[in-house]
Amino acid sequence: MKDRIALVTGGAMGIGKAIAIDMCKEGAKVIIADISKEAGQKTVDEIKKMGGTALFKQINVVDYESLNIAADEISKELGKIDILVVNAGISIKKSFEEIDEALWDKVLDINLKGSFLTVKAFLNHIKESKYGKIVVISSGSALTGTGGGIHYAASKAGQNAMVLNLAKELGPKGINVNAIAPRVIQTDILDHLYPDEQSRKELLNKIPIRKIGQPEDIAYLASFLASDKSKYLHGQIILLDGGRTHQ
Ligand SMILES: NC(=O)c1ccc[n+]([C@@H]2O[C@H](COP(=O)([O-])OP(=O)(O)OC[C@H]3O[C@@H](n4cnc5c(N)ncnc54)[C@H](O)[C@@H]3O)[C@@H](O)[C@H]2O)c1
């Protein structure tokens, strides 16, 4: 990925941070685009200490103007984006009866509308690249109905539909579009979903590989999907779940 430019939304923490670090290790210049300036800048500093090249842009994926401002600045500073990782997302676990309209809107807005606005804002930049790649971090919950609740699963199912449509529209323009659908990965979101030892134990028993996935496990696949080695891989929703779903 030498000299490729990658933008990772939600790149300040968790899975996005691991993706940003791995792409830097593979030679890419990385833009951490996140709502959290403090965490984003910290990640940029960490990458620079490792000898990588990174910069921070503050965005809110539901604020189209903030995305367009970042897109304009990147255009002037770097010229193009080769790799767009649509990763920013939230999970607020609730049962169907607990979810009210405001919570439904919040989760659908950030996870689904935010993904749409992100691609919309940066697509022209990717079209400038000879190596355009879009990688969406969806969730296995869209395929299984488990995880953070119906609002979360619906937002992730919407992302999957977006990926399938984008693959049809952007494939002929030379842009690869794929999604990674993780199930349980060790980040703050997981701590929120499985807060105590007993729930963790029960969770592990459901995963044939008997391990909770690490952010790096997603990052290695994201880097592969963003590399030339995966150029025939297109329009796929790839489950990354330690064998849990189809055991
Ligand atoms: N952790 C898991 O088990 C798991 C499983 C399946 C899918 N996912 C998906 O992976 C993605 C990353 O999740 P994570 O576990 O790393 O979460 P995380 O909470 O650790 O990190 C999310 C990042 O997104 C940023 N963010 C949140 N709202 C934003 C907004 N409106 N605009 C810009 N940035 C925003 C946060 O500041 C943070 O840096 C999400 O889309 C999530 O749905 C996670």
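Note that ligands are numbered from 1 as they come in the structure, with each ligand's atoms numbered from 1 the same way. Since the model is a prediction, treat every value here as computed from it, not as a measurement.
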* Which bit of A39 is near ligand 1, meaning a heavy atom under 4.0 Å away: side chain, backbone, both or neither? -> neither
* **For the student: nearest non-hydrogen atoms of G235 and A167, plus distance** => CA-CB, 3.5 Å
* Structure fact -> What one should report as the nearest heavy-atom pair of I59 and A70 is CG2-CB, 3.7 Å
* **Contact check, I137 vs ligand 1, heavy-atom distance below 4.0 Å** => yes
* Name the closest protein heavy atom to atom 20 (O) of ligand 1, giving the residue it belongs to and the distance to 0.1 Å. => G14 CA, 3.6 Å
* Asked: Is the side chain of S138 donor-acceptor paired with the backbone N or O of Q159 at a distance under 3.5 Å, no angle test?
  -> no
* Asked: Does an N or O anywhere in V184 fall below 3.5 Å from an N or O of ligand 1?
  -> no
* N111 (side chain) donor-acceptor with G89 (main chain) under 3.5 angstrom -> no
* **Contacting atoms of ligand 1, where contact means under 4.0 angstrom from a heavy atom of N60** => 30 (C), 31 (N), 32 (N)
* Asked: Does a salt bridge link D191 with R200, judged by any charged N lying under 4.0 Å from a carboxylate O?
  -> yes
* Measure from atom 22 (C) of ligand 1 to every heavy atom in G89, G16, S141, G148 and give the option owning the shortest one. => G89
* Please identify which atoms of ligand 1 are closer than 4.0 Å to at least one heavy atom of S138. => 6 (C), 7 (C), 8 (N), 9 (C)
* Asked: Can you check whether I15 has an N/O within less than 3.5 Å of an N/O in ligand 1?
  -> yes
* Run the numbers for me: atoms of ligand 1, each under 4.0 Å from some heavy atom of A12, listed by number. => 39 (O)
* Asked: Taking N or O atoms only and a 3.5 Å limit, does N111 qualify as a polar contact for ligand 1?
  -> no
* To do: Provide the closest heavy-atom pair for D34 versus M13 in the form atom of the first, atom of the second, distance.
  => OD2-N, 4.5 Å
* Which protein non-hydrogen atom lies closest to atom 3 (O) of ligand 1, naming both residue and atom, and how far is it? -> I185 N, 2.8 Å
* Structure fact -> for atom 39 (O) of ligand 1, nearest protein heavy atom and its distance come out as D34 OD2, 2.6 Å
* Counting heavy atoms not belonging to I209, are there more than 12 under 6.0 Å from its CD1? -> no
* To do: State whether the shortest distance between N or O atoms of N87 and N or O atoms of ligand 1 falls below 3.5 angstrom.
  => yes
* Can you pull out the closest protein heavy atom to atom 17 (O) of ligand 1? Residue, atom name and distance to 0.1 Å, please. => I189 CD1, 3.4 Å
* **I59 neighbourhood, listing ligand 1 atoms whose heavy-atom distance to it stays under 4.0 Å** => 32 (N), 33 (C)
* For atom 14 (P) of ligand 1, find the nearest protein heavy atom and state the residue, atom name and distance (0.1 Å precision). => T187 OG1, 3.7 Å
* Asked: atom 24 (O) of ligand 1: which protein heavy atom is closest, and how many Å away?
  -> G10 CA, 3.4 Å
* To do: Identify the protein heavy atom lying closest to atom 33 (C) of ligand 1, giving its residue, its atom name and the separation to 0.1 Å.
  => I35 N, 3.4 Å
* To do: Check whether NZ of the Lys or CZ of the Arg K93 lies under 6.0 Å from the centre of the six-membered ring of Y194 and within 45 degrees of that ring's axis.
  => yes
* To do: Rounded to the nearest 0.5 Å, what's the gap from CG on N87 to OG on S115? Could you check?
  => 9.5 Å
* Does a side chain donor of either S227 or R4 reach within less than 3.5 Å of an acceptor in the other side chain? -> no
* Beyond-backbone contact of R183 with T144, side-chain heavy atoms, under 4.5 angstrom -> yes
* Do any heavy atoms of G140 fall under 4.0 Å from ligand 1? -> no
* Structure fact -> Correct closest heavy-atom pair for G11 and I32 would be C-CG2, 3.5 Å
* Is it the side chain (CB and beyond), the backbone, both or neither of K156 that lies under 4.0 Å from ligand 1, heavy atoms counted? -> side chain
* Structure fact -> From the list V61, D63, L67, side-chain contact (heavy atoms from CB on, under 4.5 Å) with L117 holds only for L67
* Judged by non-hydrogen atoms, does K17 sit under 4.0 Å from ligand 1? -> no
* To do: Compare every heavy atom of I185 with every heavy atom of P215, then report the nearest pair and how far apart it is.
  => N-CG2, 3.5 Å
* N/O separation below 3.5 Å, P182 to ligand 1 -> no
* Which residue owns the protein heavy atom closest to atom 43 (O) of ligand 1, what's the atom, and how far is it? -> Y152 OH, 2.6 Å
